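What follows is a single structure, written as structure tokens, with notes after it.
Worth saying up front: this structure is predicted, and the values here are computed from it rather than measured.
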Amino acid sequence: MTKEFSVDRLETKAFAQQEGQLHGDQPLGQFERLLAEDLRGDAAANQPVHWALEGEWLESTGGPGEAWLHLDADTVVQMQCQRCLQPFDVEVLAKRSFRFVKDEATAEALDDESEEDVLVLQPFLNAHALIEDELLMALPMVPMHEACPVDVKLESATPDFDAAPAEKTNPFAALASLRIDKS
């Protein structure tokens, strides 16, 4: 008998042991923090977020097995190019694997040496929040077009900045006329 799983309250261990699979398309409006990053605001609420979760149970020799969760998610978020300041669509992709361990000490010990994220196994996991977290972390720190659609002025000086005045005036020349000679 196959158990039904919920993305909002995922029984991680059972999901992994049954090698469960969940996938869905949800509107961006259901991911409030991610929607806040989109320049279109509420107008982007219907933008689809595609996601898939896959559980895996790996037996280990001499000990209990380990629960794994593999996540793939993608969407499009409109951001402002930091070079030309024009809005553009950014494809956001998140692909991560999570390994679940028994306690925080084990997670800390394994996290530095592991490519996957190591999390503490809880009875239930809000995978919806995990999907949103991963998409937020996948956003570019400095969003920019590959090639901006408008000409970008990359200089801050005026064209005649380097042209020296014909004759430099001494800034202290005016003070010389105030000098009193006591000779």
Side-chain angles (χ1 to χ4, degrees), residues 2-59 65-83 86-104 106-149:
T2 307
K3 184 174 182 151
E4 290 291 320
F5 294 103
S6 167
V7 70
D8 295 318
R9 192 172 155 88
L10 185 64
E11 294 178 69
T12 313
K13 186 174 181 179
F15 186 73
Q17 287 174 330
Q18 291 184 20
E19 296 188 347
Q21 294 185 356
L22 284 174
H23 56 86
D25 292 325
Q26 291 178 272
L28 189 59
Q30 291 183 7
F31 298 87
E32 292 177 18
R33 294 176 295 148
L34 192 56
L35 180 62
E37 297 295 324
D38 196 300
L39 291 177
R40 298 170 291 187
D42 289 338
N46 291 325
Q47 172 68 36
V49 175
H50 311 286
W51 57 267
L53 297 170
E54 184 179 321
E56 181 180 18
W57 184 260
L58 294 178
E59 295 293 336
E66 290 181 332
W68 284 70
L69 183 66
H70 306 287
L71 163 71
D72 280 314
D74 65 86
T75 191
V76 174
V77 176
Q78 190 174 84
M79 300 183 84
Q80 183 179 38
C81 175
Q82 296 302 297
R83 188 176 8 214
Q86 298 295 312
F88 76 110
D89 291 342
V90 176
E91 187 176 4
V92 186
L93 306 169
K95 185 177 180 81
R96 296 292 284 168
S97 291
F98 302 92
R99 177 175 161 191
F100 293 89
V101 296
K102 63 181 178 177
D103 57 38
E104 193 66 43
T106 306
E108 283 182 31
L110 294 173
D111 199 34
D112 289 336
E113 61 193 47
S114 303
E115 284 190 32
E116 71 277 354
D117 284 337
V118 181
L119 302 174
V120 177
L121 182 63
Q122 301 290 327
F124 296 100
L125 171 72
N126 184 345
H128 184 270
L130 183 67
I131 293 165
E132 184 173 28
D133 289 345
E134 291 303 315
L135 287 170
L136 283 166
M137 288 191 289
L139 288 172
M141 291 179 71
V142 181
M144 286 191 291
H145 290 105
E146 286 289 324
C148 292

**Study point:** Residues forming a side-chain contact (heavy atoms from CB on, under 4.5 Å) with P48, sequence neighbours excluded
**Key:** H50
Check your understanding: Who passes side-chain contact (heavy atoms from CB on, under 4.5 Å) against L119, sequence neighbours left out?
Key -> F98, F100
Exercise for review: Output the distance between atom CE (M79) and atom CD (Q86), rounded to the nearest 0.5 Å.
Suggested key: 15.5 Å
Practice item. Determine the minimum heavy-atom distance between F5 and L22, stating which atoms define it. Key: O-CD2, 3.8 Å
Revision key, fill the gap. One should read off an interatomic distance between E37 CD and L136 CG, to the nearest 0.5 angstrom, of 6.5 Å
Check your understanding: Can you name the nearest heavy-atom pair linking L58 to W68, along with the distance?
Key -> CD1-NE1, 3.3 Å
Check your understanding: Residues in salt bridge (Lys or Arg N to Asp or Glu O under 4.0 Å) with R40, at least two apart?
Key -> D38
Residues 122-131, side-chain donor-acceptor partners within the protein, below 3.5 Å, at least two apart:
{"unit_1": "N126", "atom_1": "OD1", "unit_2": "H128", "atom_2": "N", "d": "3.2"}
{"unit_1": "N126", "atom_1": "OD1", "unit_2": "A129", "atom_2": "N", "d": "3.1"}
{"unit_1": "H128", "atom_1": "NE2", "unit_2": "Q30", "atom_2": "O", "d": "3.4"}

Point to revise | Separation between OG1 of T75 and CG of L139, rounded to the nearest 0.5 Å | key: 10.0 Å
Review point. For W57 and E19, does a side-chain donor sit closer than 3.5 Å to a side-chain acceptor?
Key: no
Check your understanding: Are the side chain of E132 and the backbone N or O of R33 linked by a donor-acceptor pair below 3.5 Å?
Key -> yes
Study note, to complete from the structure: Given the options L34, V77, L28, L71, L135 meets side-chain contact (heavy atoms from CB on, under 4.5 Å) only with L34
Exercise for review: Kindly give the heavy-atom pair with the smallest separation between C148 and C81, and that separation in Å.
Suggested key: SG-SG, 3.7 Å
**Study point:** Separation of L121 CG from E66 CD (nearest 0.5 Å)
**Key:** 10.5 Å
Exercise for review: Work out which heavy atom in L39 is nearest to a heavy atom in P87; give both atom names and the distance.
Suggested key: CD1-CB, 3.8 Å
Revision key, fill the gap. side-chain hydrogen bond (donor to acceptor under 3.5 Å, both in side chains) filter on E56, not counting sequence neighbours, yields H70
Point to revise | Stepwise side-chain contact (heavy atoms from CB on, under 4.5 Å) check, L53 with D72 | key: CA-CA 7 Å; L53 297 170; D72 280 314; over 6 Å; no
Review point. So do the side chains of V49 and D25 get within less than 4.5 Å of each other, counting heavy atoms only?
Key: no
Check your understanding: Under the ring-ring contact (aromatic ring centres under 6.0 Å, His included) test, which residues partner H145, sequence neighbours left out?
Key -> F88
Revision key, fill the gap. Correct closest heavy-atom pair for V118 and A107 would be CG1-CA, 3.6 Å
**Study point:** Partners meeting salt bridge (Lys or Arg N to Asp or Glu O under 4.0 Å) with E116 (sequence neighbours left out)
**Key:** R99
Review point. Taking only residues two or more places apart in sequence, or in another chain, which ones meet D74 in a salt bridge (Lys or Arg N to Asp or Glu O under 4.0 Å)?
Key: none
**Study point:** Listed partners of K102 passing side-chain hydrogen bond (donor to acceptor under 3.5 Å, both in side chains), at least two apart
**Key:** none
Exercise for review: Please list, chain by chain and in numerical order, all residues satisfying side-chain contact (heavy atoms from CB on, under 4.5 Å) with E91, sequence neighbours excluded.
Suggested key: L93
Exercise for review: Go through the structure and list residues passing side-chain hydrogen bond (donor to acceptor under 3.5 Å, both in side chains) with E54, not counting sequence neighbours.
Suggested key: none
Exercise for review: Start with the C-alpha gap between L69 and F15, add the side-chain angles, then the distance that decides, and say whether side-chain contact (heavy atoms from CB on, under 4.5 Å) holds.
Suggested key: CA-CA 9 Å; L69 183 66; F15 186 73; 3.5 Å; yes
Practice item. Quick one: pull up CE in M144 and CD in Q82 and give me the separation to the nearest 0.5 Å. Key: 8.5 Å
Revision key, fill the gap. The side-chain hydrogen bond (donor to acceptor under 3.5 Å, both in side chains) partners of E11 (sequence neighbours excluded) come to K3
Practice item. Would you mind reporting whether D117 and E134 have side-chain heavy atoms less than 4.5 Å apart? Key: yes
Point to revise | Smallest separation among heavy atoms of V92 and A138, with atom names | key: CG1-CB, 3.7 Å
